Amino acid sequence: MNSVPAELAFMWGAPQSASQAALRTRDPSTERHVFRKLPNGVRSHRPRAELGRNVNTLFGRVIEILAERGLKASMLELERACLMIGYRLR
């Protein structure tokens with residue numbers, strides 16, 4: 001297995017229910033790419049804050065690049081697009 005490049009290696013959070021956890025529906029890892037799981041509890045605050053800051057920085061830059069090309073996008077639209085990319089349709 002390979003780890004994902006650091007700039008793309010977002011962490012994923014476990015689902016709330018045990019049945020969803022068993023299905024690993026939030027883990028985007030594949031045989032080829034491994035994503036780390038966010039820690040639970042108090043230890044999770046700092047990684048979650050850093051992740052949020054990094055995502056905002058990245059999305060801000062994407063919005064700037066799109067604007068330079070005459071395209072408009074909002075943070076919410078980018079979040080929705082990334083969420084949909086992460087779905088595995090069964």
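Quick caveat, the model's predicted, so the values are computed rather than measured. Hydrogens, waters and symmetry mates play no part in the numbers below; they use all other heavy atoms, side chains included.
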> If you group Ile, Leu, Val, Met, Phe, Trp and Tyr by side-chain heavy-atom gaps below 4.5 Å, do L76 and F59 land in one group?
Replying inline: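 Different clusters.
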> Same hydrophobic cluster for V55 and L66, using side-chain heavy-atom links shorter than 4.5 Å among ILVMFWY?
Replying inline: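 V55 clusters together with L66.
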> Are E50 and R53 ion-paired here, with the side-chain N under 4.0 Å from a carboxylate O?
Replying inline: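 No salt bridge links E50 with R53.
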> Looking at E68 and R61, what are the two nearest heavy atoms and their distance?
Replying inline: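 Between these two residues, the closest heavy atoms are OE2-NH1, 3.9 Å.
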>> I need the minimum non-hydrogen distance between M75 and I63, along with the two atoms involved.
In response: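 For M75 versus I63, the nearest heavy atoms are N-CD1, 3.7 Å.
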> CG of L78 to CG of L58: how many Å apart, nearest 0.5 Å?
Replying inline: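 These two atoms lie 8.5 Å from each other.
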